[in-house]
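Reckoned from all heavy atoms, side chains included, excluding hydrogens, waters and symmetry mates.
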Amino acid sequence: MTTTPAPTSGVPVGPGLSMFDPIFVGIDEFGHPVYITLAYRNLLAGGEPGGGKSGLLNTIAAHAALSVDSRLVLLDGKLVELGQWEDCADAFIGPDITAALDILRRLQLVMNNRYAWLRAHGRRKVTAADGLSVITVLVDEIAYYSATVGSKQEQEEFVALLRDLVARGRAAGIPVVAATQRPSFDIIPTSLRDLFGYRAAFRCTTPNTSNIVLGHGWAEQGYSATDIAPANQGAAYLIAEGGTPKRIKVAYLTDAQIAGIADYAAWIRRPRPLPALIPDLTRVDFEVAA
């Protein structure tokens, strides 16, 4: 996580964006822009309903949708938080645990195939030069799929598949961005939380809930999301691996702005014929290696 002065020129727009670029997510308490680099990390957002988690997810979805090297996989139990990006996504999963498990299994297969490809080439991680798409996975409400819908066995399989993807996916170019309004140990066990390189705690009702998102002991050191006023939507504490929580205000896109960006992103992602001698490196089937 960095807080640097906004660049005055050379800001990439439209199809010039890349998932390997820093992603603008908001401003810090001094008004400086805050960026995260998501290609090799995962992000967890937690807090009470209405705190601003969906704003963060939509900001990241906008960057991913406008990146030429990204493909989107969206899981949204409510259908409406990420629904406007459906036409930009390779897969959009609603309140269907069977479909959610199917797409996570397919992603696991892609991840394994990519690691086999990396091993064959003596490499340890995917880079921008490989021409492979970064498959950005956004999950709105972990608890819906892990504790609400489906059988106990299906819920446990969802948690296991998600943990595997979070643990191994980032070096294969498959980052996960997940949110929950139920930050508790049964939904976000420590073994899962600590796999997320970025963690954002929006307003929480108790210091313990804030610690579940940020990590043990931060509330006692003065970094508690209970300090965030209920009316201050979009405010959060953001922590990066090995860092200290920083107070930020997440960027907010209105429904009309999301619709406009999503419409443009879908247009630039439309299938286009390529010359026969130029391989289409932006399209990688889920069923084949790399």
Side-chain angles (χ1 to χ4, degrees), residues 1-2 10 12 15-23 25 35-44 60-61 63-75 88-91 101-139 157-178 190-199 239-243 268-269 271-272 274-290:
M1 180 176 63
T2 60
L17 294 176
S18 167
M19 284 303 293
F20 291 93
D21 292 334
I23 300 173
V25 295
Y35 297 88
I36 63 173
T37 303
L38 197 61
Y40 299 121
R41 284 178 170 83
N42 307 289
L43 186 148
L44 172 67
I60 294 172
H63 183 104
L66 292 172
S67 297
V68 293
D69 55 5
S70 174
R71 298 173 67 182
L72 280 166
V73 173
L74 310 175
L75 289 83
C88 305
D90 282 71
L101 291 173
D102 180 62
I103 197 65
L104 290 184
R105 294 188 198 106
R106 293 168 64 192
L107 286 167
Q108 188 180 59
L109 176 62
V110 173
M111 177 175 63
N112 291 337
N113 288 340
R114 287 190 174 190
Y115 276 122
W117 181 83
L118 286 169
R119 183 186 180 195
H121 289 80
R123 303 265 304 285
R124 292 192 296 174
K125 66 180 181 180
V126 168
T127 66
D130 293 324
L132 298 175
S133 299
V134 175
I135 304 174
T136 309
V137 182
L138 286 90
V139 184
E157 183 180 2
F158 178 87
V159 172
L161 288 169
L162 182 65
R163 178 182 284 109
D164 185 37
L165 203 60
V166 173
R168 298 194 296 136
R170 60 181 187 166
I174 310 177
V176 175
V177 180
T190 302
S191 60
L192 175 61
R193 178 201 64 203
D194 291 345
L195 295 174
F196 286 88
Y198 294 110
R199 300 188 292 275
I239 187 172
E241 281 179 316
I268 64 174
R269 285 169 172 267
R272 286 166 290 180
L274 293 174
L277 298 179
I278 302 177
D280 182 2
L281 297 179
T282 66
R283 306 297 296 177
V284 184
D285 285 341
F286 279 131
E287 306 297 342
V288 299

* **Distance, nearest 0.5 Å, that separates CG of N42 from CZ of R193** => 14.5 Å
* Asked: For the residue pair F196 and V176, what are the closest heavy atoms and their distance?
  -> CE2-O, 4.1 Å
* **Distance (rounded to the nearest 0.5 Å) between L104 CG and L109 CG** => 12.5 Å
* Going from SG on C88 to CG on L74, what distance comes out if it is rounded to the nearest 0.5 angstrom? -> 8.5 Å
* Contact check, side chains of R41 and I36, non-hydrogen atoms, under 4.5 Å -> no
* To do: For the pair R71 (side chain) and S133 (backbone), establish whether a donor and an acceptor sit closer than 3.5 Å, ignoring hydrogens and angles.
  => no
* Kindly indicate whether the side chain of R106, heavy atoms from C-beta on, has any atom under 4.5 Å from the side chain of D90. => no
* State whether the side chain of H63 and the backbone N or O of S18 hold a donor-acceptor pair below 3.5 Å, judged by distance alone. => yes
* Exercise: identify the closest heavy-atom pair between A171 and R124 -> CB-O, 3.8 Å
* Asked: Y198 side chain to T37 main-chain N or O, any donor-acceptor pair under 3.5 Å?
  -> yes
* To do: Please report the shortest heavy-atom distance between A61 and L72, naming the atom on each side.
  => O-CD1, 4.2 Å
* To do: Find out whether K125 and R170 are in side-chain contact, i.e. whether some heavy atom of one side chain is under 4.5 Å from a heavy atom of the other.
  => no
* **Spacing of L162 atom CG and E157 atom CD [to the nearest 0.5 Å]** => 12.0 Å
* **Side-chain heavy-atom pair V126, Y115 within 4.5 angstrom cut-off** => no
* For M19, does its backbone N or O pair with a side-chain atom of D69 as donor and acceptor, under 3.5 Å? -> yes
* Structure fact -> Between I174 and L107 the two heavy atoms that sit nearest each other are CD1-O, 4.0 Å
* Asked: Donor-acceptor pair, D130 side chain versus T127 backbone, under 3.5 Å?
  -> yes
* How many angstroms lie between atom CD1 of I23 and atom OG1 of T136, to the nearest 0.5 angstrom? -> 7.0 Å
* Where do V73 and I135 land on the side chain to side chain contact (heavy atoms under 4.5 Å, CB included) test, with the steps shown first? -> CA-CA 7 Å; V73 173; I135 304 174; 3.9 Å; yes
* Asked: Would you call L43 and L38 a side-chain contact if the rule is heavy atoms closer than 4.5 Å?
  -> yes
* Asked: Below 4.5 Å, heavy atoms only, C-beta onward: do N112 and R168 meet side chain to side chain?
  -> yes
